[in-house]
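Model, not experiment: these values are computed from the prediction. Each ligand, and each atom within it, is numbered from 1 in the order the structure gives.
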Amino acid sequence: MSLRLGDEAPDFTQESTQGPISLHQWLGNSWGVLFSHPADFTPVCTTELGLTAKLKEDFAKRNVKAIALSVDPVDSHNRWINDINETQLTQVNFPILADADRKVATLYDMIHPNANATLTVRSLFIIDPAKKIRLIITYPASTGRNFDEILRVIDSLQLTEHHKVATPGNWKSGDDVVIVPALQDPEEIARGFPKGYKVVKPYLRLTPDPRA
Ligand code: BEZ
């Protein structure tokens, strides 16, 4: 059965460019972004891994560890990393799982046979520190991912974890947020949102980002 939001992220031990990794232990108390690539030495993947390396500080300040996967072996990954570093002007600073036996790809349903019988699609999972899956996105091989969007979702997940709010469409950190409809007690609203709020409709109440 395929994975759904709220499911526990399946644990595994697999080879990587940084040695064998057991996912849950490796994540520790961090959030995780686990993302798959169709294959090594492919152009779109090369740009995606370069982008991820350049976002190291952005991930670190959100307490997020990135981990990539493709179904090629470690020696191939290592040769490819040299190309990524050279062409993307960065240093790949996160592990790439070498899933030659497709153990992880199978666990996470990353091979979609009607798209490609053997290669992984561009799957991406955000995993929280409790090891629950909080986001699943699947892109086709021909479309590189927008990593600013991944950071945006992490910001939303981390904000809504601690405040009774949700984030509107196209929200970015610092923009107004909405008070969750379930929160109706005026005293609790006043306590929780001392900056005030605007009632656009009874179900649409905007308030400044509580952390800003
Ligand atoms: C790529 O990662 O560049 C790619 C992979 C498969 C098909 C097309 C592009």
Side-chain angles (χ1 to χ4, degrees), residues 1-5 9-10 12-21 23 26-27 30-60 62 64-127 133-155 157:
M1 202 174 93
S2 56
L3 295 169
R4 293 179 174 174
L5 300 189
F12 57 79
T13 300
Q14 182 60 292
E15 287 304 323
S16 87
T17 50
Q18 296 184 2
I21 284 185
L23 182 72
W26 180 80
L27 284 173
S30 300
W31 291 68
V33 173
L34 167 65
F35 58 114
S36 59
H37 295 278
D40 291 1
F41 301 102
T42 48
V44 176
C45 302
T46 300
T47 62
E48 289 191 319
L49 292 183
L51 276 170
T52 305
K54 289 177 188 168
L55 291 173
K56 180 184 167 70
E57 294 306 320
D58 297 277
F59 284 120
R62 293 166 174 85
V64 179
K65 289 180 167 180
I67 183 165
L69 172 151
S70 83
V71 294
D72 292 306
V74 167
D75 63 331
S76 164
H77 285 356
N78 283 332
R79 282 183 282 114
W80 184 33
I81 283 173
N82 290 336
D83 284 3
I84 298 166
N85 292 345
E86 178 195 326
T87 61
Q88 307 305 303
L89 307 177
T90 188
Q91 291 289 317
V92 171
N93 41 36
F94 53 89
I96 306 177
L97 292 165
D99 199 39
D101 61 3
R102 299 184 191 152
K103 179 165 68 181
V104 181
T106 304
L107 261 180
Y108 280 79
D109 198 23
M110 291 166 165
I111 295 174
H112 295 194
N114 291 331
N116 188 299
T118 53
L119 302 179
T120 45
V121 290
R122 289 183 206 286
S123 298
L124 185 144
F125 298 84
I126 294 179
I127 301 167
I133 295 175
R134 301 295 298 274
L135 175 83
I136 302 172
I137 322 186
T138 308
Y139 281 69
S142 52
T143 306
R145 284 160 282 209
N146 182 336
F147 286 82
D148 291 336
E149 168 63 0
I150 307 310
L151 292 172
R152 192 189 75 87
V153 177
I154 291 167
D155 285 341
L157 287 168

NZ/Lys54: more than 12 non-hydrogen atoms of other groups inside 6.0 Å
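More than 12 heavy atoms, drawn from other residues, nucleotides or ligands, come within 6.0 Å of this atom.
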
Would you please write out the protein residues whose heavy atoms approach any atom of ligand 1 to under 4.0 angstrom, listed by chain and number?
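Residues within 4.0 Å of ligand 1: Pro38, Thr42, Pro43, Val44, Cys45, Arg122, Ala141.
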
Sequence neighbours excluded, which residues qualify as side-chain contact (heavy atoms from CB on, under 4.5 Å) partners of Ser30?
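Partners of Ser30 under the side-chain contact (heavy atoms from CB on, under 4.5 Å) test: Asn63, Lys65.
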
Quick one: salt bridge (charged side-chain N to carboxylate O under 4.0 Å, His left out) pairs with a partner in residues 71-83, sequence neighbours left out?
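Sorted result for residues 71-83: empty, none.
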
Keeping the roles fixed (side chain from Arg145, backbone from Ser123), state whether a donor-acceptor pair exists under 3.5 Å.
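Yes: the side chain of Arg145 pairs with the backbone of Ser123.
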
Can you confirm whether the side chains of Ser76 and Asp40 place a donor and an acceptor under 3.5 Å from each other?
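Yes.
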
Validation: residues 90-97 side-chain donor-acceptor distances under 3.5 Å, sequence neighbours left out:
unit_1: Asn93; atom_1: ND2; unit_2: Ala53; atom_2: O; d: 3.2
unit_1: Asn93; atom_1: ND2; unit_2: Gln91; atom_2: O; d: 3.2

